[in-house]
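Fair warning: this is a prediction, and the values are worked out from it, not measured in the lab.
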Amino acid sequence: MEQKAKRIGKLNIIDLLAILLIAAVLVLAAWKFIGRNGDSIDYERPQTKVTYQVKVEGVAPELYENCLEHLPSPLMASGTLVGGQIEVVEKQDYQVLDANGNWVTDPDHVTLIFTVTTTTPTAEVMTTKVGDQEVRIGKTDYILKSEYIEFSDGTITNVTWEN
């Protein structure tokens, strides 16, 4: 004996499930295309320019000249460009304590101060990120990385925002 599929009106249940699945896919695609907030994909979100400085202490003096050759240098993280760039590098003396407890200049090392600029969506300024790293004053393990420059033990010393 043949079993007939349950019918709802002129459609059976399989047809109804297929129609619901197709409708759900279309709604999801429209939601992704239009955006979560009803904004168009082409909508320009307000951006905030973030400028910060990264201090790297105790490096070889020749690294200063090498860094100068590659500025400005686009920022990278995980092998991809992340927006923003290293604009400027400044050199300062590196101070150490001598045997008598006095601060003296170490002739074999320098301190480098890098100035970096990037933009971030204004709504996300409270958690400014460059790549996967948060930009916070006092952060001591900041990895400053670009196409040609990389330091893994920088300290963020200054952050400014402007719209």
Exercise. Where is the tightest heavy-atom contact between Lys49 and Thr119, given as atom of each residue plus distance?
Worked result: CA-CG2, 4.2 Å

Exercise. Got a sec, which residues hit side-chain contact (heavy atoms from CB on, under 4.5 Å) with Glu150, two or more places apart in sequence or on another chain?
Worked result: Ile143, Lys145

For this session: Supply the atom-to-atom distance Ile13 CD1 to Leu20 CG, rounded to the nearest 0.5 angstrom.
Result: 11.0 Å

Problem set entry | Option among Val25, Leu26, Ile19 that satisfies the side-chain contact (heavy atoms from CB on, under 4.5 Å) test with Ile22 | Leu26

Problem set entry | Pairwise side-chain contact, Val116 with Val88, heavy-atom cut-off 4.5 Å (strictly under) | no

Problem set entry | side-chain contact (heavy atoms from CB on, under 4.5 Å) between Ile86 and Thr115, intermediate numbers included | CA-CA 6 Å; Ile86 301 170; Thr115 301; over 6 Å; no

Problem set entry | Gln92 side, atom CD; Tyr64 side, atom OH - distance, nearest 0.5 Å | 10.5 Å

Problem set entry | Contacts of type ring-ring contact (aromatic ring centres under 6.0 Å, His included), residue Tyr148, not counting sequence neighbours | His70

Problem set entry | For Asn12 against Asp15, the heavy-atom pair lying closest together | OD1-N, 2.9 Å

Exercise. Who are the side-chain contact (heavy atoms from CB on, under 4.5 Å) partners of Leu81, not counting sequence neighbours?
Worked result: Pro74, Met76, Glu147

Problem set entry | Same apolar cluster (I L V M F W Y, side chains within < 4.5 Å links), Tyr94/Val89 | no

Exercise. Closest approach of Pro61 and Val110, non-hydrogen atoms and distance?
Worked result: CA-CG2, 3.9 Å

Problem set entry | Between OG1 on residue Thr155 and CD1 on residue Ile113, distance to nearest 0.5 Å | 9.0 Å

Exercise. Ring centres of Phe114 and Phe151 under 6.0 Å apart?
Worked result: yes

Problem set entry | Qualifying residues under side chain to side chain donor-acceptor pair (under 3.5 Å), relative to Gln85, sequence neighbours excluded | Glu87

Exercise. How many angstroms lie between OG1 in Thr157 and CD in Gln53, if you round to the nearest 0.5 Å?
Worked result: 4.5 Å

Return all side-chain donor-acceptor pairs below 3.5 angstrom for residues 100-109, not counting sequence neighbours, or 'none' if the list is empty.
unit_1	atom_1	unit_2	atom_2	d
Thr105	OG1	Gln95	NE2	2.9
Asp106	OD1	Asp108	N	2.9
Asp106	OD2	His109	ND1	2.7

For this session: Could you list the residues that satisfy side chain to side chain donor-acceptor pair (under 3.5 Å) with Thr111, not counting sequence neighbours?
Result: none

Problem set entry | Atom of Ile149, atom of Ser73 and distance for their closest heavy-atom approach | CD1-CB, 4.3 Å

Problem set entry | Inter-residue atom distance Glu90.CD - Leu68.CG, 0.5 Å rounding | 10.5 Å

